[in-house]
Protein chains: 2
Amino acid sequence: MAIDINIPAVCNCTKLRRAQRHITRLYDTCLAESGAGLRATQFSILGYLKTEGPKTMMELAELMTMDRATIGHNLRPLERDSLVRIAVSETDRRARIVSITDEGLSRLEIGKPGWAKAQAEFERQFGAENAKLMRDMMDDVAGISFSFH
Amino acid sequence: MAIDINIPAVCNCTKLRRAQRHITRLYDTCLAESGAGLRATQFSILGYLKTEGPKTMMELAELMTMDRATIGHNLRPLERDSLVRIAVSETDRRARIVSITDEGLSRLEIGKPGWAKAQAEFERQFGAENAKLMRDMMDDVAGISFSFH
DNA sequence: TCATTTTAGTCTTATATGCCCTTAATTGCA
DNA sequence: TGCAATTAAGGGCATATAAGACTAAAATGA
């Protein structure tokens, strides 16, 4: 008889998603306490835009390994609150250039202590070296080109 | 002057969430191809219920490191499609006992080849040993008791 | 040039996630 | 015993995520 393996115990996706929920709650809680009114994903998007400069939605989606439709949806509240500006590209009118506004930069600063607190608390418990190993491992995972079909 | 660190590059939450999106797409795609009509989270919930037996929503939430409300929301489509049964506990009428139905077990079986394909593809590219390391690391992350406030 | 194909982004729909507040039930304690 | 505090779950709200269909614009190629 075929031994029925314990799928949840060995599923790489299940484990990764579970850890993601846990760490997101930590960062979201600290971010909320900072009063910036930003969620983890929003903080990431603004952080990327600050660091990398203006980007098209496609570029942003690729940078974050995110679906292009998802980026569009996630930008909606940020644009509504004037934290990002979305303009039609002059060189390709299909593309939209997303850039962070002064208000967005200001919100990032307000949220930074909250982020730093979460980052410090995580590394205090998990270890800074382990955290670095994890980030590198996550980069490797996100970098895989899966062959579908 | 304070050196402006590149937050997205060192943020543990950002890295983990990004990898999670990527691996979820792999598993969701393979699961969809299998024709089970299950998403990654649904496959996990049913897998846990099959392996661990009936659970209250609280227990299920704790098992999956998921918010109590989230479990409730995620069970909705599963209950609607008769993949799980939700009954009031006889010993505590506040609690709801969730159990997998025969239809749920059947769907799990239908999805299993899709899951196995995703699991195999991931480990082919990432390495089975690295995958095991990652799962253990993710367990460690999910097991941390963060001190809030 | 102009028709075909490809590409960027949107809209719709569905699930995923977690917060706050409320309701109902249980537990603990005076 | 009786009431306060606690606990389990539901409802409402907002964001997160992505597939699929669609629109518009650009690139391609005969």
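Every chain is numbered from 1 and lettered A, B, ... according to where its sequence line falls, protein lines coming before strand lines.
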Please report the distance, rounded to the nearest Å, between CZ in B:Arg80 and P in C:dA16.
10 Å

Verify the contact: side-chain N or O of B:Arg25 to OP1 or OP2 of D:dA19, cut-off strictly under 4.0 Å; return yes or no.
no

Take atom CD1 of B:Ile71 and atom P of C:dT17, then tell me their distance rounded to the nearest Å.
9 Å

Closest nucleotide of DNA chain C for B:Asn74 versus for A:Met57: which of these residues is on the 5' side?
A:Met57

With the side chain of B:Arg94 defined as its heavy atoms from C-beta on, choose the nearest nucleotide among C:dA25, C:dT17, D:dA9.
C:dA25

Using a heavy-atom cut-off of 4.0 Å across all strands, would you classify A:Arg96 as base, sugar-phosphate, or nothing?
sugar-phosphate

Give the rounded distance in Å between these two atoms: CG of A:Asp67 and P of C:dA16.
16 Å

I want to verify a distance call: between C:dT26, C:dA8, C:dT12, whose nearest atom is closest to the B:Arg93 side chain?
C:dT26

Pair A:Thr56, A:Arg96: side-chain N/O donor-acceptor within cut-off below 3.5 Å
no

Roughly, in whole Å, what's the span from CD1 in B:Ile45 to P in C:dA16?
7 Å

Is there a donor-acceptor contact under 3.5 Å from the side chain of B:Gln42 to the main chain of B:Arg39?
yes

So which heavy atom on A:Ala131 is nearest to which on A:Phe126, and how close?
N-CD2, 3.7 Å

Just to be sure I understand the rule, does B:Thr41 reach a base, reach only the sugar-phosphate, or reach nothing, if contact means heavy atoms closer than 4.0 Å?
sugar-phosphate

Quick one: the side chain of B:Arg21 and the base of D:dT17, do they pair up donor-acceptor inside 3.5 Å?
no

Between B:Asn12 and A:Gln119, does any side-chain donor sit less than 3.5 Å from a side-chain acceptor?
yes

Over all strands shown, is A:Asp92 touching base, sugar-phosphate only, or nothing at heavy-atom distances under 4.0 angstrom?
sugar-phosphate

Which heavy-atom pair separates A:Thr51 from B:Pro8 by the least distance, and what is that distance?
OG1-CD, 3.9 Å

Quick one: is C:dG18 close enough that its OP1 or OP2 comes under 4.0 Å of any side-chain N or O from B:Thr70?
yes

Using a heavy-atom cut-off of 4.0 Å across all strands, would you classify B:Ala69 as base, sugar-phosphate, or nothing?
base

Rounded to whole angstrom units, what separation is found between the NE2 atom of A:His22 and the P atom of C:dG18?
11 Å

Starting at CZ of A:Arg68 and ending at C1' of C:dT10, how long is that distance when rounded to a whole Å?
10 Å

Give one of base, sugar-phosphate or nothing for B:Thr56, where a contact means two heavy atoms less than 4.0 Å apart.
sugar-phosphate

D:dG20 P sits how many Å from B:Asp28 CG, rounded?
11 Å

Starting at CZ of B:Arg39 and ending at C1' of C:dA14, how long is that distance when rounded to a whole Å?
7 Å

